[in-house]
Amino acid sequence: VGEGMNHRAHQGEAHRHRQRFAAARRRVRVALPVGADAFGHVPVLRDRVVALIQRIEAAEARLATRGASILATTSAVAPFIGLFGTVWGIMHSFISIAQSQTTNLSVVAPGIAEALFTTALGLVVAIPAVILYNVIGRLITGYRLLLAESMTLTLCLLSHDLDALEQNSHPLLTRAS
């Protein structure tokens with residue numbers, strides 16, 4: 001059951017990536033000059049496509065890192081909330097000792113239980129948040145590297161095709177003549 005769910009999740013993620021890539025290709029096509037004189041503007045074309053690809057890469061990076069700051073904040077703040085609860089519980093124990101003028105276990109135990117519970121709760125929240133943040137951070141780094149590699153490959157292919165167009169040796173031009 002778990003393997004099937006993992007496969008479906010991977011297929012859904014791959015579909016989303018294909019949709020984003022198709023949208024990026026459409027945006028690059030819009031940036032291309034149109035008309036018979038388009039091939040005379042190769043440097044302008046390269047600059048437009050590079051700028052557009054950099055914008056796409058930055059947008060994808062922002063999208064990938066969305067929500068990671070919540071995990072970072074949670075993992076940083078949760079231990080302090082637990083510590084505050086510990087201090088609060090011990091303070092209750094001291095107040096109980098002062099009010100009852102005795103130090104037996106029934107007086108001290110409720111405050112100590114509060115302290116231990118909030119400490120444990122802070123750790124239960126913080127530890128998984130740190131682990132998850134680190135895992136997501138590695139996944140984001142891998143995705144950004146894959147994205148940068150894809151963008152570099154796209155620019156290399158574009159440069160190759162534009163060089164061939166400038167030399168009138170592009171397959172599209174040689175077939176047309």
Same apolar cluster (I L V M F W Y, side chains within < 4.5 Å links), Leu158/Leu147
yes
Are Phe84 and Ile127 in one and the same hydrophobic cluster, where Ile, Leu, Val, Met, Phe, Trp and Tyr link if side-chain heavy atoms are under 4.5 Å apart?
no
For Ala126, does its backbone N or O pair with a side-chain atom of Ser75 as donor and acceptor, under 3.5 Å?
no
Roughly how far, to the nearest 0.5 Å, is the CD atom of Glu149 from the CG atom of Leu153?
7.5 Å
CG-CG distance between Leu121 and Leu116, expressed to the nearest 0.5 angstrom
12.5 Å
Tell me whether the rings of His92 and Trp88 are parallel (<30°), tilted (30 to 60°) or perpendicular (>60°).
perpendicular
Identify the heavy atoms of Val49 and Leu155 that sit nearest to each other, and give their distance.
CG1-CD2, 4.0 Å
Would Thr102 and Ile97 count as a side-chain contact (heavy atoms from CB on, under 4.5 Å) here? Give the steps.
CA-CA 6 Å; Thr102 183; Ile97 290 171; over 6 Å; no
Over 12 foreign heavy atoms within 6.0 Å of CG, Leu105
no
Greater than 12 external heavy atoms within 6.0 Å of Leu123's CG
yes
Would you find a donor on one side and an acceptor on the other, under 3.5 Å apart, between the side chain of Asn104 and the backbone of Val107?
yes
Please report the closest heavy-atom contact between Ala64 and Ile140, naming both atoms and the distance.
O-CD1, 3.3 Å
Between OG1 of Thr86 and CD1 of Ile112, what distance do you get to the nearest 0.5 Å?
9.5 Å
I need the Ile56 CD1 to Ser150 OG distance, nearest 0.5 Å.
11.5 Å
One should read off an interatomic distance between Leu71 CG and Asn134 CG, to the nearest 0.5 angstrom, of 10.0 Å
Under a single-linkage definition using a 4.5 Å side-chain heavy-atom cutoff for Ile, Leu, Val, Met, Phe, Trp and Tyr, are Val130 and Val125 assigned to the same hydrophobic cluster?
no
Return the minimal non-hydrogen interatomic distance between Ala129 and Thr74, and the atom names on each side.
CB-CG2, 4.1 Å
Quick one: CD1 on Ile90 to OG1 on Thr118, what's the gap to the nearest 0.5 Å?
9.0 Å
